[in-house]
Enquirer: 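Quick one: the structure is below, questions incoming.
All figures in this text were calculated on a predicted structure; none of them were measured in a lab.
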Amino acid sequence: DMLLCLCTAWTFLSFYLAEDAPVGARKKLWYAIFFALLALAVLTKGLIGIVLPGMGIFFYLTVQKRWAEVKRIPWILGIAIFLAIALPWHLFAGVKNEKFFWFYFINEHWLRFLGKRFPKDYYEGPFYYQLLRVLLLFLPWSFCLPFLFVRKVKEFFADRLTCYMACWFMAFLFFYTISQAKANYYMMPGMPALAILLGLGLKDRVWNWASGKGWTAVT
């Protein structure tokens with residue numbers, strides 16, 4: 001799960017840098033890295049390696065109205081890189097194991113999401129299960145999270161980086177909230193985004209050492 005967390009964090013970062021880069025070789029390079037990291041995330045822990053980053057990026061492009069970026073993605077190059085990394089192991093595993101594809105795609109992914117995976121190796125819980133785990137995972141910084149709610153929602157999503165991190169985190173929280181399968185570590189890949197969000201919130205609302213003012217009022 002720590003490897004998945006690493007791959008996921010770099011996946012989101014590489015997409016953000018690719019989008020920010022001017023059209024040309026640099027943009028293609030970052031998108032190539034993005035697709036390679038997606039493949040590594042899939043090899044690490046299955047389809048969530050592509051589903052959850054895809055969900056977070058979808059939220060971001062929708063909220064920011066930046067769908068024009070999709071046309072600039074080198075899809076042929078990206079898909080080729082993704083398949084070159086992710087496909088061989090899946091094909092080899094399918095050849096070596098007769099029921100691999102059913103077990104991998106249906107039992108490990110779909111039935112786990114529905115809470116019907118066999119054997120059962122996860123917990124069940126209420127809809128706020130993951131939210132409580134987030135507060136525990138984020139200690140002691142959980143006590144600073146109220147600073148994130150000082151800004152108005154419109155202002156919060158106006159900043160591109162803040163919006164991107166919020167969409168990253170919310171994709172994981174939303175997915176694992178509606179999932180019937182629960183585990184204490186499922187939200188780990190979403191925690192870097194929350195840490196950056198809190199850092200941005202504290203920088204904007206609590207102190208401004210660069211200006212020489214020191215501690216300032218939250219309001």
Side-chain angles (χ1 to χ4, degrees), residues 1-64 66-94 100-101 103-110 112-113 130 160-161 163-179 181 183 185-197:
D1 288 281
M2 290 308 298
L3 181 58
L4 175 66
C5 186
L6 176 65
C7 291
T8 300
W10 276 99
T11 296
F12 276 101
L13 175 62
S14 60
F15 181 88
Y16 188 85
L17 293 175
E19 186 198 18
D20 204 41
V23 176
R26 184 180 176 186
K27 181 180 282 288
K28 286 186 177 181
L29 175 61
W30 277 116
Y31 273 124
I33 295 173
F34 167 73
F35 280 99
L37 288 164
L38 275 180
L40 291 175
V42 170
L43 287 176
T44 301
K45 202 149 189 184
L47 297 182
I48 61 171
I50 189 173
V51 170
L52 290 176
M55 186 182 298
I57 291 170
F58 174 84
F59 290 164
Y60 163 74
L61 294 176
T62 301
V63 173
Q64 289 285 306
R66 301 178 68 91
W67 281 103
E69 180 64 21
V70 175
K71 299 178 182 179
R72 304 186 185 100
I73 299 175
W75 288 104
I76 296 177
L77 173 64
I79 292 173
I81 291 173
F82 178 86
L83 293 178
I85 297 174
L87 189 60
W89 180 87
H90 289 83
L91 291 178
F92 184 76
F100 167 77
F101 290 107
F103 183 83
Y104 181 77
F105 289 105
I106 305 301
N107 193 57
E108 282 295 324
H109 289 85
W110 184 243
R112 180 185 293 273
F113 181 79
Q130 295 298 348
R160 190 164 71 92
L161 179 58
C163 178
Y164 190 71
M165 294 302 157
C167 291
W168 169 0
F169 175 75
M170 291 305 299
F172 280 83
L173 184 61
F174 173 76
F175 181 87
Y176 286 119
T177 294
I178 65 175
S179 172
Y185 52 85
Y186 278 177
M187 280 299 299
M188 284 175 55
M191 300 309 290
L194 186 61
I196 295 173
L197 271 175

Enquirer: Looking at every non-hydrogen atom in both residues, tell me the closest pair between M55 and F175 and how far apart they are.
Expert: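 Heavy atoms only, the tightest pair is CE-CD1, 3.9 Å.
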Enquirer: Starting at CD1 of I106, measure out to CZ of R112 and round the result to the nearest 0.5 Å.
Expert: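 The CZ atom of R112 is 13.5 Å from CD1 of I106, to the nearest 0.5 Å.
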Enquirer: Within the structure provided, determine whether D20 and R160 are in side-chain contact (heavy-atom separation under 4.5 Å).
Expert: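 In contact.
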Enquirer: Please report whether the ring centroid of F15 lies less than 6.0 Å from that of F34.
Expert: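 For F34 and F15, the ring centres are under 6.0 Å apart.
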Enquirer: Is a donor on one side and an acceptor on the other found under 3.5 Å between the side chain of Y104 and the backbone of G94?
Expert: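 No, the answer is negative, given that no donor and acceptor are paired below the 3.5 Å cut-off.
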Enquirer: Compute the centroid of each ring, for F172 and then for Y186, and state whether the two points are separated by less than 6.0 Å.
Expert: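 F172 vs Y186: aromatic centres not under 6.0 Å.
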Enquirer: Please round to the nearest 0.5 Å and tell me the distance separating atom OG1 of T8 and atom CG of D1.
Expert: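 Result: 10.0 Å between the selected atoms.
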Enquirer: When F82 is tested against each of I50, L87, L40 for side-chain contact (heavy atoms from CB on, under 4.5 Å), which residue passes?
Expert: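 With F82 as partner, I50, L87, L40 yield a single side-chain contact (heavy atoms from CB on, under 4.5 Å), made by I50.
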Enquirer: Ignoring hydrogens, what is the shortest heavy-atom contact between M188 and C5? Give both atom names and the distance.
Expert: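 Reported closest heavy-atom pair: O-SG, 3.5 Å.
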Enquirer: A side-chain contact here means heavy atoms from C-beta on lying under 4.5 Å apart; do W75 and F35 qualify?
Expert: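 When only atoms from C-beta onward are counted, F35 and W75 do touch, with a gap below 4.5 Å.
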Enquirer: Considering only heavy atoms from C-beta outward, does the side chain of L4 approach that of I48 to under 4.5 Å?
Expert: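 Heavy-atom side-chain distance check passes, below 4.5 Å.
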Enquirer: Are E19 and Y60 linked by a side-chain donor-acceptor pair shorter than 3.5 Å?
Expert: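 Yes, a side-chain donor-acceptor pair sits under 3.5 Å.
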Enquirer: Measure from NZ or CZ of R72 to the centre of the six-membered ring of Y31 and say whether it is under 6.0 Å with the direction within 45° of the ring axis.
Expert: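 No - R72 does not lie over the ring of Y31 by the 6.0 Å and 45° rule.
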